[in-house]
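Read the structure below first, then the notes.
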Amino acid sequence: MSLHHSIYDSPVFRQACRQFDLAADILGMETGVRERTKQPRRCLTVMLPVRLDNGKIETFEGYRVQHNISTGPAKGGIRFHQDVTLGEVAALAMWMSWKCSLVGLPFGGAKGGVVVNARDMSTGELERLSRRYMQEIATFIGPNLDIPAPDVGTNEQVMAWMMDTYSNHVGHYDPGVITGKPIALGGSLGRREATGEGVSWFTQAYLTDAGLKAADTTVVVQGFGNVGSETALALAAWGAKIVGLSDFTGGVANPRGLDVKDALAYVAANRSLQGYQGGETVTNAELLELPCTVLIPAALERVITEQNAGRLQCRFIAEGANGPTTNEADLILAQRGDIELIPDVLCNSGGVIVSYFEWLQNQSAYYWSKEEVFSKLHTMLAKAKASVEGTKKKFNCTRRTAALVLGIARVAEAKAKRGLFP
Ligand code: GLU
């Protein structure tokens, strides 16, 4: 099947496919099995008419792509962003499959998206859009079928509205349909911090392996949403110096260190980092090239490219975002050989791991302490790190390919054992 005839065809989908192919080559996967494992299983496109506060109706487009449902219910977040495309959602769904498989969760992979700039909406408009989207996908998802969660542009409140809409649809409280909920509605302690906690855990673990200490570490974080801010807080608490932060309006750099809590308070009051006085104003492009120990892309895809990969001045890249590095940049980084990359499917897996814990707690209606959540999280992260390092050594490949080999092999094996129906 030629990708150029695929409805998902787009730069980011091709990026995910290229990453897959490099891993499938190592696994010696034959063409039929390769396509069966790589291509998304199914997708749903929905039209979402929403009444705006001014009385007019605006119609938004939304998607849900289930990449893999062979290894358990599909799992993955819902993104609200003006640049969302079906191909992007498909790539993100594919990465969810490998991520869940890599860390050993009993889930497949999915992703959802709505083409909307939610920042421009009132709370009422956002609630009506969130409910309408859930209403439209309700028959396509469920606690044993496909379990959404937050992603860029969505949060606990959106999850709460969606859980309420789904529960009304089925006629009873059903919190296991979605994760990342508020604690009062069956959310898990630690879920809000989980992705950043995981990114920080991996960063500390790899730096420690390299003989580096918190006091020697400077960090640049691109993206100041849930993942970027929680990662920055966790690494600052460890003792690292945060020397650069940015959001969609631009960045701020200070070699003497930034106060993350102060920056967060500024964003809470001003809705973005624009105008923040903690340091020198820089563009997002400049921020990525700042000298630092660890560069953490924690926003959108394809920001480390063939244009800037050769100019990065970090020793580590910890991918908090999904797909931040293009295939061309991967090649340049491998040639450079002086930057250790902790790939997305490993690095940001803490979020979906605690989503799994949330779903387990919902299914059993028995809730855990935050200590229990984090201790189980760290055990799973350590296990995944050890398997990735073993596989990297075994095949003498990049860390990204090693992580994908592990994630893909388990899905392919499950599909082979299930066989073809009929
Ligand atoms: N959106 C997050 C991710 O990309 C979390 C998904 C989830 O918790 O299901 O991994």
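For ligands, and for the atoms within them, numbers begin at 1 and follow the listed sequence. Computation of the quantities below employed the complete heavy-atom set of this structure, encompassing side-chain atoms and omitting hydrogens, waters and symmetry-equivalent molecules.
Annotation for ligand 1: atoms under 4.0 Å from non-hydrogen atoms of Ser355 are 7 (C), 8 (O), 9 (O). Taking every heavy atom of Asn322 and a limit of under 4.0 angstrom, the matching atoms of ligand 1 come to 4 (O).
At a 4.0 Å heavy-atom cut-off, ligand 1 touches Arg191 through the side chain alone. With a heavy-atom cut-off of 4.0 Å, Ser349 does not touch ligand 1 at all. Of the heavy atoms in Ile147, none comes closer than 4.0 Å to ligand 1.
Taking CG from Leu258 and CG from Leu273, the interatomic distance works out to 9.0 Å, rounded to the nearest 0.5 Å. Note that CG of Leu264 is 5.5 Å distant from CG of Leu233, once rounded to the nearest 0.5 Å.
By the 3.5 Å distance cut-off applied to N or O atoms, Asn348 is not counted among the residues near ligand 1.
Of all protein heavy atoms, the one closest to atom 10 (O) of ligand 1 is Lys99 NZ, 2.6 Å. In this structure, the protein non-hydrogen atom closest to atom 7 (C) of ligand 1 is Ala149 CB, 3.3 Å.
In this model, no donor atom of one side chain and acceptor atom of the other lie less than 3.5 Å apart for Gln135 and Tyr133. Checking Lys99 against Ser349 by side-chain atom types alone, no donor-acceptor pair falls below 3.5 Å.
Contact record, Arg400 with Leu341: NH2-CD2, 3.7 Å, taken as the closest heavy-atom pair.
Each of Trp95, Phe107, Trp98, Tyr8 was scored for a ring pair (Phe, Tyr, Trp, His ring centres under 6.0 Å) with His67, with one residue passing: Trp98.
Of the options Lys75, Lys111, Met96, the smallest heavy-atom separation from atom 9 (O) of ligand 1 is shown by Lys75.
Put simply, the side chain of Asp247 never gets that close to the backbone of Ser272: no donor and acceptor are under 3.5 Å apart.
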